[in-house]
Amino acid sequence: MNFPLLTVTAAVPAVGAILTAAVPAARRTAAKWLALLFSLATLALAVLVAVRFDPSGDRYQLTESRSWIADFGVRYELGVDGIGVALIALTALLIPFVIAAGWNDADPLETEAANSSFAAGSRWRPTQGFFALILMVEAMVIISFAATDVFLFYIFFEAMLIPMYFLIGGFGDRAHSGSDENAAAQRSYAAVKFLLYNLAGGLIMLAAVIGLYVVAGNFSLQEITAARAAGTLDMATNTERLLFLGFFFAFAVKAPLWPLHTWLPNAMGEATAPVAVLITAVVDKVGTFAMLRFCLGLFPEASKWATPVILVLALISIVYGALVAVGQRDIKRLVAYASISHFGFIIMGIFAMTSQGQSGATLYMVNHGISTAALMLVAGFLISRRGSRLIADYGGVQKVAPVLAGTFLIGGLATLSLPGLAPFVSEFLVLVGTFARYPVVGIIATVGIVLAALYTLVLYQRTMTGPVKEEVRTMPDLRLREVLVVAPLIALLIGLGVYPKPLTEIVNPAVEHTMSDVQQTDPEPEVEAAK
């Protein structure tokens, strides 16, 4: 039997979560280092997955299959294509930076530490729990990217909501303008809204999963797609469309797609900066990934039927998210609305039904994860120094903290897809792929690029340039730990912007298989015949 590499890759952070949670209360630093070590071990395994994956080989590799709930045809089936490999690598890459950036986020406040009742724990912020929850989310996301059994995917797609709920509601941002009671209420509201929206999507998906089993007789993605290709699976048109809508609704909530997006600004605004990165750079990618793997793979005809409406919703997300970001006064909510705009580009690329669009969408998932992590983590360092998320409370930061301002600028330029940085490649491919089949949609989507430049440069101008405000005059520059968090992300943004070939070589064969699933080919370029 082959070594179960995918299972081990997901099991390592799960074991790390259990051990981190079990560290004695007084040994917070030991818990942090233990969590970081397990995240680095997971990264090493993810690199091994990428090395062992052969882009020219079978569609799904490193496969594992074991009977699980035999009476209902549920199997423990794992396997990765190039898209899954890229997103597992992204997840494993970002988690160590999330842990390092949040090193002190769950430590007790000085007033709590001075409280004689602190040891008793009534107001203790459980450091061990914070890092254990992050590792548990990582384990569940990795399984979601590797699952080829629909029911297995559904279980972890829903289960990851539990640790995320506690990370948002229990470990909120300390930079809150209101009272402690108001801050707690806002965190609770954001966490409950996140949970309810995603649970609603999950319940509708559960009905669709059951319907799929009734029609197909099993939950195996590979068996169902093979049966469809061979013409041995008879699925009525209306049935396929209803099942597609059930799956797509859940993924659109997670993505998030307008108008199902409203939970994201609340969740990112109230969460700590590292948890905000976990939400938008890692967890939300499960939604767009699942659109490629499950919506297009299981329901190709329904996907093409729904494409016009989905493209309109994606366009609204692009323009609406960017417009609202322009008017934001809160730094973290600005990044949240910018992410809604970026997810619109990803979904547009997926449903453009061209190889360039889908390759660009996959690259966008990876590059958006890196660029958002860089920008949000630096923003978190900035906010922790000033104790405010409001843009108006800053000014002249580049004069007192030039390294912080410089890294913030690079993260912002990546967000607006500046040529030479990684997101440009993916956004360009999405627009080219969309324009090839839907030129009007591609033209309208370029409005999002203009607005991205506007909200990014205005944010930098108002926070980093101009006269130095009194409150930021003594602001320290980035410390060594913070530089070590941000520098590798910036290096990746530049490296993948200049040379994206290693990523495209892994992704493109998987995109070709997806195009084959929906029986689509790239449109021929319209070249006027020579006279």
**Student:** State whether the side chain of D58 and the backbone N or O of Y60 hold a donor-acceptor pair below 3.5 Å, judged by distance alone.
**Tutor:** no
**Student:** So, S341 side chain and Y337 main chain: donor-acceptor pair closer than 3.5 Å or not?
**Tutor:** no
**Student:** Got a second to check how far L242's CG is from L212's CG, nearest 0.5 Å?
**Tutor:** 13.0 Å
**Student:** Indicate yes or no: at least one non-hydrogen side-chain atom of L260 is less than 4.5 angstrom from one of F249.
**Tutor:** yes
**Student:** Just checking, is any N or O donor in the side chain of Y364 or E427 under 3.5 Å from an acceptor N or O on the other one?
**Tutor:** yes
**Student:** Please assess V430 against T434 for the test side chain to side chain contact (heavy atoms under 4.5 Å, CB included), listing each intermediate value before the final yes or no.
**Tutor:** CA-CA 6 Å; V430 165; T434 303; 4.1 Å; yes
**Student:** For residues L431 and M348, determine if any side-chain heavy atom of one lies less than 4.5 Å from a side-chain heavy atom of the other.
**Tutor:** yes
**Student:** G360 and S426: which non-hydrogen atoms are nearest, and at how many Å?
**Tutor:** O-CB, 3.4 Å
**Student:** Does any N or O in the side chain of Q358 come within less than 3.5 Å of the main-chain N or O of I350, such that one atom is a donor and the other an acceptor?
**Tutor:** yes
**Student:** Are the side chain of T456 and the backbone of A453 linked by a donor-acceptor contact shorter than 3.5 Å?
**Tutor:** no
**Student:** Quick check on side-chain contact (heavy atoms from CB on, under 4.5 Å): which of V141, I142, I143 does F145 satisfy it with?
**Tutor:** V141
**Student:** Between S359 and T504, is a side chain to side chain contact (heavy atoms under 4.5 Å, CB included) present by the stated rule, with each step listed?
**Tutor:** CA-CA 7 Å; S359 293; T504 58; over 6 Å; no
**Student:** Give a yes or no answer on whether the side chain of E505 reaches the backbone of P502 with a donor-acceptor pair at less than 3.5 Å.
**Tutor:** no
**Student:** Are any non-hydrogen side-chain atoms of F351 and M353 less than 4.5 angstrom apart?
**Tutor:** yes
**Student:** Of all heavy-atom pairs between Y438 and A352, which one has the smallest distance, and what is that distance?
**Tutor:** CE1-O, 3.7 Å
**Student:** Less than 4.5 Å apart, side chain to side chain, heavy atoms only: is that true for E138 and T42?
**Tutor:** yes
**Student:** Of the non-hydrogen atoms in G344 and A314, which two are nearest, and what is the gap between them?
**Tutor:** O-CB, 3.5 Å
**Student:** Looking only at atom types and distance, does a side-chain atom of S384 sit under 3.5 Å from a main-chain N or O of F381, one as donor and one as acceptor?
**Tutor:** yes
**Student:** What's the separation between atom CD1 in I318 and atom CG in L313, rounded to the nearest 0.5 Å?
**Tutor:** 11.0 Å
**Student:** Can you check whether Y165 and F194 have ring centres sitting under 6.0 Å from each other?
**Tutor:** no
**Student:** Where do A452 and Y455 come nearest, in terms of heavy atoms and distance?
**Tutor:** CA-CE2, 3.3 Å
**Student:** Is the number of heavy atoms from other residues, nucleotides or ligands within 6.0 Å of OH (Y460) greater than 12?
**Tutor:** yes
**Student:** Is there side-chain contact between S339 and H368, with at least one heavy-atom pair below 4.5 Å?
**Tutor:** yes
**Student:** Between E270 and R333, does the salt bridge (Lys or Arg N to Asp or Glu O under 4.0 Å) criterion hold? Intermediate values first, please.
**Tutor:** CA-CA 9 Å; E270 298 304 323; R333 289 178 70 89; over 6 Å; no
**Student:** Just to verify, which of T280, V335, I331 counts as forming a side-chain contact (heavy atoms from CB on, under 4.5 Å) with M376?
**Tutor:** V335
**Student:** For F251 and F294, take the angle between the two ring planes, folded into 0 to 90°, and tell me which bin it lands in: parallel under 30, tilted 30 to 60, perpendicular over 60.
**Tutor:** tilted
**Student:** Between H261 and F343, is a ring-ring contact (aromatic ring centres under 6.0 Å, His included) present by the stated rule, with each step listed?
**Tutor:** CA-CA 10 Å; H261 67 284; F343 275 105; over 10 Å; no
**Student:** Quick test of your reading of the model: are R228 and E240 salt-bridged, counting only N-O distances below 4.0 Å?
**Tutor:** yes
**Student:** How long is the gap from CD1 on I162 to CE on M160, to the nearest 0.5 Å?
**Tutor:** 11.0 Å
**Student:** Does the side chain of I490 reach to within under 4.5 Å of the side chain of V486, using non-hydrogen atoms?
**Tutor:** yes
**Student:** Using side chain to side chain contact (heavy atoms under 4.5 Å, CB included), reason through V277 and L377 one step at a time and then give a plain yes or no.
**Tutor:** CA-CA 8 Å; V277 170; L377 293 180; 3.8 Å; yes
**Student:** Roughly how far, to the nearest 0.5 Å, is CG of L292 from CG of D517?
**Tutor:** 10.5 Å
**Student:** How about R59: does its CZ atom have over 12 heavy atoms from other parts shown lying under 6.0 Å from it?
**Tutor:** yes
**Student:** Considering residues, nucleotides and ligands other than F435, do more than 12 of their heavy atoms fall under 6.0 Å from its CZ?
**Tutor:** no
**Student:** Quick one: does K332's side chain have a donor or acceptor within less than 3.5 Å of a partner on A276's backbone?
**Tutor:** no
**Student:** Could you walk me through whether D149 and L221 satisfy the side chain to side chain contact (heavy atoms under 4.5 Å, CB included) test, starting with their C-alpha distance in whole Å, then the side-chain angles of each, then the deciding distance to 0.1 Å, before giving a yes or no?
**Tutor:** CA-CA 6 Å; D149 182 278; L221 174 67; over 6 Å; no
**Student:** For the residue pair V209 and F153, establish whether any side-chain heavy-atom pair is separated by less than 4.5 Å.
**Tutor:** no
**Student:** Evaluate the side-chain proximity of S371 to L421: yes if any heavy-atom separation is below 4.5 Å, no if none is.
**Tutor:** no
**Student:** Would you name the heavy atoms of S317 and L257 that are closest together and state the gap between them?
**Tutor:** OG-CD1, 3.4 Å
**Student:** Which value, rounded to the nearest 0.5 Å, describes the distance between L315 atom CG and I347 atom CD1?
**Tutor:** 11.5 Å
**Student:** Would you check if the side chain of N367 reaches a backbone N or O of A422 as a donor-acceptor pair within less than 3.5 Å?
**Tutor:** yes
**Student:** Could you grab the distance from atom CE of M268 to atom CG of L278, nearest 0.5 Å is fine?
**Tutor:** 11.0 Å
**Student:** Taking atom types as modelled and ignoring hydrogens, do the side chains of T262 and Y197 form a donor-acceptor contact shorter than 3.5 angstrom?
**Tutor:** yes
**Student:** Determine whether a donor-acceptor pair (N or O, by modelled atom type, separation under 3.5 Å) exists between the side chain of H342 and the backbone of T415.
**Tutor:** yes
**Student:** Are the side chain of R293 and the backbone N or O of T514 linked by a donor-acceptor pair below 3.5 Å?
**Tutor:** no
**Student:** For residues K254 and L161, report the shortest heavy-atom separation together with the two atoms involved.
**Tutor:** NZ-CD2, 3.4 Å
